[in-house]
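Reading through the structure tokens given below for one structure.
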Amino acid sequence: KHGVLSRKSHADMDGKRTPRGRRGWKKFYAVLKGMILYLQKDEYKADAELCEGDLKNAVRIHHALATRATDYSKRPNVLKLKTSDWRVFLLQAPSEEEMMSWVFRINLV
Ligand code: I3P
């Protein structure tokens with residue numbers, strides 16, 4: 001699965017709140033492949049073309065949990081992703097359908 005997603009980092013590893021200055025929204029092209037959600041700066045790229053920054057933004061979603069972000073109302077179509085290392089991301093999809101599709105696909109892994 002792939003598509004445009006905006007990301008906001010809410011908590012870092014071990015669940016510590018992401019500090020100010022790194023809490024902004026950023027738009028990515030997301031690609032879910034195997035157990036990894038790649039958040040790429042530009043459009044679709046094959047593995048070989050991923051740059052260092054793209055690899056840094058990749059999120060392991062094994063044992064991660066995706067839910068509708070019911071407690072976040074500033075933007076529509078936002079899901080909350082909790083990873084196994086206690087990071088928390090908010091991810092905004094272009095539509096309700098896309099958001100639910102990401103939730104479903106992430107939780108299938
Ligand atoms: C953050 C940025 C985010 C905002 C966040 C700010 O500043 O303005 O858009 O979240 O508020 O801290 P910075 O880019 O300097 O990290 P919202 O869009 O959800 O308001 P927050 O600290 O309340 O999460």
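Counting convention: from 1, in listed order, for ligands and their atoms alike. Throughout, numbering of the chain's residues begins at 1 and tracks the sequence.
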Test item: side-chain donor near acceptor, His10 and Arg23, under 3.5 Å: yes

Distances for all N or O pairs of ligand 1 and the protein under 3.5 Å?
unit_1, atom_1, unit_2, atom_2, d
ligand 1, 10 (O), Lys8, NZ, 2.9
ligand 1, 15 (O), Gly21, N, 3.2
ligand 1, 16 (O), Gly21, N, 2.7
ligand 1, 16 (O), Arg22, N, 3.2
ligand 1, 16 (O), Arg23, N, 2.7
ligand 1, 18 (O), Trp25, NE1, 3.4
ligand 1, 19 (O), Lys8, NZ, 2.7
ligand 1, 19 (O), Tyr72, OH, 2.5
ligand 1, 20 (O), Lys74, NZ, 2.7
ligand 1, 22 (O), Arg17, NH2, 3.2
ligand 1, 22 (O), Arg23, NE, 2.8
ligand 1, 24 (O), Lys8, NZ, 2.7
ligand 1, 24 (O), Arg23, NE, 2.9
ligand 1, 24 (O), Arg23, NH2, 2.9

Side chains of Ser101 and Lys1, donor plus acceptor under 3.5 Å: yes

Side-chain touch Ile36/Ile61, heavy atoms, less than 4.5 angstrom: no

Over-ring placement of Arg7 relative to Trp25, 6.0 Å and 45° cut-offs: no

Ser95 and Asn77 side chains, donor-acceptor separation under 3.5 Å: no

Axial cation check for Tyr29 ring with Lys41, 6.0 Å and 45° limits: no

